[in-house]
Amino acid sequence: PWSISIGLSVFGAANFNQLTYALRGLSRVDLIVKLNISIFLFSLLAMIILYLNKLDDLWLYFLVIPCAQGLAICSIGEIRKLLFTYAARASLANIFSYLNKNKVAILFFSTLAITLSQLAYRILLGQIFGLEGLGLFQLAFMISSIIMMINTSIMSSVFLPMIAKSTSSSFSSYSFPFACQLLINYLCLALVLILFIFFGEELITVLASESLTPA
């Protein structure tokens with residue numbers, strides 16, 4: 001059961017992320033909102049069902065999010081068409097041609113190199129500090145990633161696609177709103193940093209557990 005649940009979770013997360021980025025590039029904020037609300041409702045319903053039936057198998061709860069993502073994708077017609085109709089037309093020959101002519105290939109392999117480096121880094125941390133130390137590091141990394149995700153979600157969803165579609169080639173035409181958005185991000189991060197400096201242990205207790213305050 002754990003092999004199936006983890007496999008589905010990894011596939012579901014990868015599929016959901018690439019779909020979300022595609023919708024951001026298309027400036028379909030409406031579909032992103034529909035997708036997120038649908039996932040929330042499906043996962044909430046699943047959690048209520050599991051709780052009311054008093055099921056205590058942890059792998060079942062692990063399946064809630066990937067199943068909710070799959071149901072949400074299938075329930076929205078435009079997203080279903082984008083993913084299953086258009087994506088199904090791609091062949092291996094078309095993919096190789098696309099990578100050869102598009103700069104996305106360089107971006108793909110550079111991102112892959114960064115991901116592999118992070119995995120190697122975690123292996124090294126596990127060997128030096130043991131499983132407990134690696135777990136504390138991963139928790140701290142996860143919390144900081146969530147903070148950054150909240151901080152940049154508006155930029156990646158709306159602001160950056162808007163700049164990418166700008167017909168003006170002059171940087172000055174969008175440098176001011178870009179600078180303002182960056183300043184807002186820095187102010188948000190500064191507030192979060194101050195919050196963690198003074199209330200770090202309390203926040204870790206709420207977000208995780210009191211035993212994980214060293215994170």
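Quick caveat: nothing in here was measured; it's all calculated off a predicted structure.
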- Hydrophobic cluster membership, Leu19 vs Leu31, 4.5 Å side-chain cutoff: yes
Give every donor-acceptor pair under 3.5 Å between a side-chain atom in residues 51-68 and any protein atom, sequence neighbours left out.
from	atom 1	to	atom 2	distance (Å)
Asn53	ND2	Ile49	O	2.7
Tyr61	OH	Leu55	O	2.8

- Item | Closest heavy-atom pair and its distance - Ile39, Phe16 | CD1-CE1, 3.3 Å
Residues 195-207 side chain polar contacts: donor-acceptor under 3.5 Å, at least two apart:
from	atom 1	to	atom 2	distance (Å)
Thr205	OG1	Glu201	O	2.8

- Treating Ile, Leu, Val, Met, Phe, Trp and Tyr as nodes and any side-chain heavy-atom pair under 4.5 angstrom as an edge, say whether Leu45 and Phe40 lie in one connected cluster. no
- Message: How close do Ser75 and Ala72 get, counting heavy atoms only, and between which atoms?
- Response: OG-O, 2.9 Å
- Item | Rounded distance (nearest 0.5 Å) linking atom CD of Gln69 with atom CG of Leu8 | 11.0 Å
- Query: In Å and rounded to the nearest 0.5 Å, what is the CD1 to OG1 distance from Ile79 to Thr20?
  - Reply: 8.0 Å
- Looking at CD1 of Ile76 and CD1 of Ile37, how far apart are the two atoms once the value is rounded to the nearest 0.5 Å? 9.0 Å
- Of all the heavy-atom pairs spanning Ser5 and Ser9, show the shortest one and how long it is. O-OG, 2.7 Å
- Message: Counting only heavy atoms not in Ile6 (residues, nucleotides, ligands), do more than 12 fall under 6.0 Å from its CD1?
- Response: yes
- Look up atom OG in Ser43 and atom CD1 in Ile48, then write down how far apart they are to the nearest 0.5 Å. 9.5 Å
- Message: Just verifying a value: how many Å separate Leu23 CG and Asp30 CG, rounded to the nearest 0.5 Å?
- Response: 8.5 Å
- Check whether any side-chain heavy atom of Leu189 lies under 4.5 Å from a side-chain heavy atom of Leu193, and answer yes or no. no
- Task: Check for a donor-acceptor pair, side chain of Arg80 on one end and backbone N or O of Cys74 on the other, with a separation under 3.5 Å.
- Result: yes
Side-chain donor-acceptor contacts of residues 119-137 below 3.5 Å, not counting sequence neighbours, with atom names and distances?
from	atom 1	to	atom 2	distance (Å)
Arg122	NE	Gln138	OE1	2.7
Arg122	NH1	Gln118	O	3.4

- Task: Mind checking the CD-NZ spacing from Glu78 to Lys34? Nearest 0.5 Å is all I need.
- Result: 6.0 Å
- Query: Is there a donor-acceptor pair under 3.5 Å between the side chain of Asn17 and the backbone N or O of Ala13?
  - Reply: yes
- Test Leu191 against Leu187 for side-chain contact (heavy atoms from CB on, under 4.5 Å), laying out the working first. CA-CA 6 Å; Leu191 289 172; Leu187 288 172; 5.5 Å; no
